[in-house]
Amino acid sequence: MTAERIDGKALAEKVRAEVADDVRAYGGSVCLATILVGDDPASHVYVGKKHDASHEAGIESRDHRFASETPESVILDLLAELDDDDGVDGILVQLPLPAHMDEPKVLHAVDPAKDVDGFHPLNAGLLYLGTPHLVPATPSGVMVMLAEYGVELRGKEAVVVGRSEIVGKPMAMLLLMEHATVTICHSRTADLSEHTRRADILVAAVGRPGLVTPDMVKAGATVIDIGVNRTEAGLVGDVDPAVFEVAGLMTPVPGGVGPMTIAMLLRNTLTAAQHRRSEVALPGS
Ligand code: GUN
């Protein structure tokens, strides 16, 4: 039996259309500012797509791009300006930053109320405490996919492979909030397949092409591939496509999780605008 494919492209289009409707209903202007430092071609493509998608949803955007050797202080000064600018609702610092920059220091300089990536410690802490406000786009896109396809999470075994701040950890927290029994695996996990074979929901987010093979997957499991690996064979995920023959439901790469990330970024930008303009304090602040 072949797994049903989760169509991330179609679902992302639906979410983007919903956000566009909600932006119109909101009435006021909504503005996203992005900062990109350096010349990583993939980052330039991603940021370009974020601006195109914002425009399509009726969200204004500002595009700040800098050469790789730009001093960190220039970025911190710009962040201070954007934080204070009432016309800016969302701020996104594209990662990775050049090696001479202190990534946490830069990310912590984003106003948590405008932190549409959900990377600021306040937003990470709110998610940890089970009272999320702005949640990282990729894992929240996965949750929308699981809900859309009716995947039961309560009491199920969810295994997340990868413990990054932007995907693995927030993914685990979101699954936990839906009452899954969550295991986080990583590069030092002693016997990876012992864990993955138990999973009703298996999420791979490590950046290792084809890491998850059919023998590592329980028959009928839901498999979510967050890997984005550029190889000579093109864009491939962390999951071997042969897993389609074992899983019950699975995301393809490309066309799975990727398109959802931008859709959720737009949703977060509108949420930040609505929240800021209504002057409701962030939980706990
Ligand atoms: N680089 C790779 N993924 C992301 C993301 O979700 N947000 C930002 N800002 N940078 C990234």
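All residue numbers in this chain count up from 1 along the given sequence. Order of appearance sets the numbers: ligands from 1, and atoms from 1 within every ligand. All values reported here derive from a predicted model rather than from experimental measurement.
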_Are there over 12 heavy-atom neighbours, none belonging to His55, within less than 6.0 Å of that residue's NE2?_
no
To which protein heavy atom is [atom] closest, and what is the distance rounded to 0.1 Å?
{"atom": "atom 11 (C) of ligand 1", "result": "Gln94 NE2, 3.5 Å"}
{"atom": "atom 10 (N) of ligand 1", "result": "Leu95 N, 3.0 Å"}
{"atom": "atom 3 (N) of ligand 1", "result": "Ile166 CD1, 3.9 Å"}
{"atom": "atom 7 (N) of ligand 1", "result": "Asp117 OD1, 3.1 Å"}

*Within the structure, does Leu92 bring an N/O atom to less than 3.5 angstrom of an N/O atom in ligand 1?*
no
*Under 3.5 Å between some N or O of ligand 1 and some N or O of Pro96?*
no
Between side-chain atoms of residues 139-146 and protein atoms elsewhere (two or more places apart, or another chain), which donor-acceptor pairs fall under 3.5 Å?
residue	atom	partner	partner atom	Å
Ser140	OG	Pro136	O	3.1
Ser140	OG	Ala137	O	3.3

*Could you pull out all residues at least two apart from Asp77 that satisfy salt bridge (Lys or Arg N to Asp or Glu O under 4.0 Å)?*
none
*State, with a plain yes or no, whether a side-chain heavy atom of Thr196 is found less than 4.5 Å away from one of Val212.*
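SC-SC contact between Thr196 and Val212 ruled out.
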_Test item: Leu211 and Val239 side chains (from C-beta on) under 4.5 Å apart, heavy atoms_ = no
*Interatomic spacing from CG in Asp111 to CG in Leu122 - rounded to 0.5 Å*: 9.5 Å
*At a 4.0 Å threshold, what atoms of ligand 1 neighbour a non-hydrogen atom of Val93?*
8 (C), 9 (N)
